[in-house]
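Letters A, B, ... mirror the listed sequences (proteins, then strands); counts begin at 1. Keep in mind the model is a prediction, meaning the values are calculated, not measured.
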Amino acid sequence: MWVVSDFVEGQIGHAEVHTERKIAREIPPREETRERRRINVGPYKLENRIDGGKAECWMCTDTRDGSKRFLKKFPSPKMPSEEERALDRVAYEFQVSQCNSFLEHHQSIARDITCEHVGNGSLVRPLEAFWHDSSFFKIYPFISELTPLDATTLRSWEPKHRVLAIRSILLALRELHNKKIVHADIKKANIHLIKVPSGSVARLIDFDDCYRADAPPPPTVLGGTEDYYSPEVLVYKGFAKSPYVLKLGTHSDLFSLSLAIHEAFSPSGKKPRWTDKETDAGIHALAGDEVEYESLGTGKPLLEYRLKRCLKLKPIDRPNISELLSACGTNLGRVA
Amino acid sequence: MSTEVISKYAIDLVFVIDVTGSMGSVIDEVKELVKGFSNRLRSTMSAEGKGLQDLWVRIITYRDLGEEGARALAASQFFELPRQEIALQEVVDGLTASGGGSEPESGLEALWLAMRSPWRNVLRSRHVIVMLTDASAHPLGTHKYPADLFQDNIEAPRDLVEMKRHWGIAPDPGVMNAQARRLILFAPDATPWHEIGERWEQTMWLQSRAGEGCMDADVDTILKGIVMSV
């Protein structure tokens, strides 16, 4: 049985909410405890728990207008309790200020994630972020037609549609990079495609690890997925060393993006190969190993060459997003 | 050719088990769980799209320091699975539910001992503590820590707030690896588990019934909890 806290009345986001206590203190029989609980988090009625990695993720309904939403409960940070204030007021106030800063950071990033560029928006931006009881929550729109970037699906695609998809992904990421925001968790699972008559439009999701390029979070807080760590992230988090000064920034996303695109578009459906031994891309880049980058079937050698260069050790040796976009060519027609 | 490449995690897992009289059923579940544990975990993880690089498991048991003194806490070494599966099985087969008297028990001291485990720190490390109890715990400081079990120089926490700080409050990682630490709590809605379940970072609380042997902690639930936390 997943016990979710006994949510009580409180201020959530912009709305004053009044929720019922849904969890009885009497624990029901064992079989029943295995059943999924239906409770409310403020105005959001939880329905199905879905895989969200270590975070608790739910499909839910906004009871105010009946719309379907995606809710994510963060495993950290946590708001301290009143009992903690009584024991150590200074520490309590510091923690509360950290929690408030965390909320402000997420709200500020969400405000900057605008989606005007392509059709209905290339970035699936969060709708709301709030503290509720001890936990931090974010609400995302539920988009049913999202299709994960997947090599099996893409295998039969014509070169032109491959380029269109890659360009669409780059345009989505450029929305962030133009605002000096680093996504910090670019991976195949966070890039989705929506089919449109002329091909496909990319949607980037999951902005929970985003940070301002000039203000990366401390190493213990910097998120992301280990498989996609760039050399500078590995060094920053203390997993590797380098004689070079490798700064974090938007170029770190391009390292990860190059891996994700290779997984999606290469014949093997895997990350690029360095040696027979399975080791992380960032580790190989730090060792100066030469990468085997398969053809992506785009018919655009310059684009594929530049994508390969995104795996260079030093960020300065990697192309920027405009250079990648220009290598897609201009005679592609509208994306959406 | 498979196109799905999955991440492989190096998991260090510590079971912290309340072995007082009412915990017989959960001890039986743990005995069942560790039979072929690495294969079972590997296959459960695989079903969730996750890979297991390697697995180390340690067992910590506890009763009540007030009743039994230092004998109330016991800890095994880490066993590397599947290579040392028989040795782990022997430790688990030797567990019996007895004693403890009435609540509370010494669960916090046992949890602190688990936090101070000799964890491995590599990329994709996961340091998972699975706590299994059906009873409340004494406040820290009620009884002395058995000195010989704590072999590092980090001063033990004096209260729950200090212990939470040691667990880590972002951005301070505390004494554990901030990215690797996970706590899966099978515990009743009782002091201090409610506070820990609700307020500690990277913690998953699966509520058990007080005094009824942690009945919800069956093999499948424990396995699933571990896999979800990774």
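A 4.5 Å side-chain heavy-atom check between A:Leu87 and B:Glu162 finds every atom pair outside the cut-off. Side-chain contact between B:Glu201 and A:Pro77 is present, with heavy atoms from C-beta onward closer than 4.5 Å. Side-chain contact check for A:Glu56 versus B:Met204: every heavy-atom pair is 4.5 Å or farther apart.
A donor-acceptor pair under 3.5 Å is absent between the side-chain atoms of A:Thr220 and the main chain of B:Pro173, judged by distance alone.
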**Prompt:** Yes or no on salt bridge (Lys or Arg N to Asp or Glu O under 4.0 Å) for A:Glu84 and B:Lys164, after CA distance, side-chain angles and deciding distance?
**Reply:** CA-CA 10 Å; A:Glu84 286 175 71; B:Lys164 179 182 172 185; 2.9 Å; yes
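Only the side chain of A:Ala91 comes within less than 4.5 Å of a heavy atom of chain B; its backbone N, CA, C and O stay farther away. Of the two parts of A:Ile283, neither the backbone nor the side chain holds a non-hydrogen atom closer than 4.5 Å to a non-hydrogen atom of chain B. For B:Val227, no part lies near chain A; criterion is any non-hydrogen pair under 4.5 Å. Contact of A:Pro217 with chain B is not made at all, since no heavy-atom distance falls under 4.5 Å. Only the side chain of A:Gln95 comes within contact range of chain B, judged by heavy atoms closer than 4.5 Å. Only the side chain of A:Tyr229 comes within contact range of chain B, with heavy atoms under 4.5 Å apart. Of the two parts of B:Leu123, the backbone and the side chain both hold a non-hydrogen atom closer than 4.5 Å to a non-hydrogen atom of chain A.
Remark: the B:Glu195 side chain and the A:Ser81 side chain contain an N/O donor-acceptor pair separated by less than 3.5 Å.
Of all heavy-atom pairs between A:Gln98 and B:Ala170, the closest is OE1-O, 4.1 Å.
Here the CD atom belonging to B:Gln179 is positioned 5.0 Å from the CD atom belonging to A:Glu226, to the nearest 0.5 angstrom. Here the straight-line distance linking atom CG of B:Asp159 with atom CG of A:Asp88 works out to 9.0 Å at 0.5 Å rounding. In this structure, the separation between OG on A:Ser134 and CH2 on B:Trp200 is 14.0 Å, given to the nearest 0.5 Å. Between atom CZ of residue A:Phe239 and atom CG of residue B:Asn121 there is a gap of 7.5 Å, rounded to the nearest 0.5 Å.
Salt-bridge formation is not detected for the pair B:Glu198/A:Lys78: no Lys NZ or Arg NE/NH1/NH2 atom is positioned less than 4.0 Å from an Asp or Glu carboxylate oxygen.
Considering B:Lys50, B:Lys8, B:Arg124 in turn, B:Arg124 is the only one that fulfils the salt bridge (Lys or Arg N to Asp or Glu O under 4.0 Å) rule with A:Asp227.
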